[in-house]
Amino acid sequence: MLDLIAAQAPAFLLVAARCFALVLTLPLFSQRTVPRMAKVAFAGYLAYLMLPHADLARYAPYLADGAFSLQYVLLLGGEVLLGIITGFYVTIIFAAFSTAGQFFAFQMGFSASEVYDALSQVENPLMGQFFNLIAMLIFLQNHWAQLLFSRALSSSFASISAFSLVAGNEQVALFLLGGLSKLFADAFVIALPIMGTLLLINVAMGMLSKASPMMNMMSEGFPTMILVAFFLIMALLPHVCEFFTHSFEGAFVRLERLFVVLAPGGGS
């Protein structure tokens, strides 16, 4: 293994740059609780496995003499960008589930109970972290992580390169902007039933407080909204899990389409 890496060091570094950037941007593998040595070792083994599948024919003029020139450094930067784009898009999917919890956490009265989420590495309300953990469980249970590292990563090495990123910069920008718009659309679809029900409860509480000012709606309203919200989450959880699965499937399909478009002759 070490002899093969030493013999093909420039090519291996190009492959390892994309793998390492992908590992550093994925939600589960990028968290700070994972040791850095484990990330480097995982990215190295992943690059060793992906090296036979990498199409480095377009890099041949820059790898012929094995010199680390300025062009080679720019190629390393392009490979890093390709890994970041893939990992960042998967992060956008998880951010949709976390954002859905933030939408109705304020109406539930949980907006002040923000905790540090190790997966997203931000301050996240409890409901956002709850949805994020469910999404991570579904992501691992349906073997999407294995699919990402086996099929998606190997197909990206076989089809696109840093030159494809330069030629298809407009498609990449539209792809990322479309992912951001899909983030808020998915989050709104997940949170809409709970937000609508809590809005009706707020209207009913306001009407009762006007009809009977002696009633203490402040002390009665929050427990009612929390109980109703948890009941709705429990009732809608199978449908939410199914929506999570379809979101991951659609994300991988869109990522595959991007690889096809960026491949030489793919846009024609």
A.B. asks: I need the Leu176 CG to Ile84 CD1 distance, nearest 0.5 Å.
C.D. replies: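 Reported value, rounded in 0.5 Å steps: 11.0 Å.
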
A.B. asks: Do Cys241 and Ile138 come within less than 4.5 Å of each other through their side chains, counting heavy atoms only?
C.D. replies: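 With C-beta onward as the side chain, the pair touches.
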
A.B. asks: Do you reckon Met195 sits in the same ILVMFWY cluster as Leu237, going by side-chain contacts under 4.5 Å, direct or chained?
C.D. replies: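 They do share one cluster, since a chain of ILVMFWY contacts under 4.5 Å joins Met195 to Leu237.
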
A.B. asks: Taking side chain as C-beta onward, heavy atoms only, is Phe97 less than 4.5 Å from Ile134?
C.D. replies: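 Result no, sub-4.5 Å side-chain heavy-atom pair not found.
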
A.B. asks: Measuring from atom CZ of Phe231 to atom CD1 of Ile194, what distance do you get when rounded to the nearest 0.5 angstrom?
C.D. replies: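 Between Phe231 CZ and Ile194 CD1, I get 12.0 Å after rounding to 0.5 Å.
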
A.B. asks: Which label fits Phe252 and Phe139: parallel for a plane angle under 30°, tilted from 30 to 60°, or perpendicular past 60°?
C.D. replies: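 Rings of Phe252 and Phe139: parallel, under 30°.
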
A.B. asks: Could you give the distance from CG (Leu13) to CG (Leu75), rounded to the nearest 0.5 Å?
C.D. replies: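 The CG atom of Leu13 sits 12.0 Å away from the CG atom of Leu75.
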
A.B. asks: I want to check something: taking the side chain as every heavy atom from C-beta on, are Arg257 and Val253 in contact at a cut-off of under 4.5 Å?
C.D. replies: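 They are in side-chain contact.
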
A.B. asks: State, to 0.1 Å, how close Ala100 and Ala191 come at their nearest heavy-atom pair, and which atoms those are.
C.D. replies: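 Residues Ala100 and Ala191, closest heavy atoms: O-CB, 3.5 Å.
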
A.B. asks: Got Arg18 and Met50 here, is their nearest side-chain heavy-atom distance under 4.5 Å?
C.D. replies: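 Contact flag for Arg18/Met50 side chains = no.
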
A.B. asks: Run the side-chain contact (heavy atoms from CB on, under 4.5 Å) test on Ile85 and Tyr89 for me, step by step, so that the C-alpha distance in whole Å, both residues' side-chain angles and the decisive distance to 0.1 Å come before the verdict.
C.D. replies: CA-CA 6 Å; Ile85 289 172; Tyr89 189 72; 5.7 Å; no

A.B. asks: Within the side chain of Thr91, is there an N or O that forms a donor-acceptor pair under 3.5 Å with the backbone of Thr25?
C.D. replies: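 Flag set: sc Thr91 to bb Thr25 pair under 3.5 Å.
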
A.B. asks: Within the 4.5 Å heavy-atom criterion, are Phe248 and Phe94 side-chain neighbours or not?
C.D. replies: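 Phe248 vs Phe94: side chains touch.
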
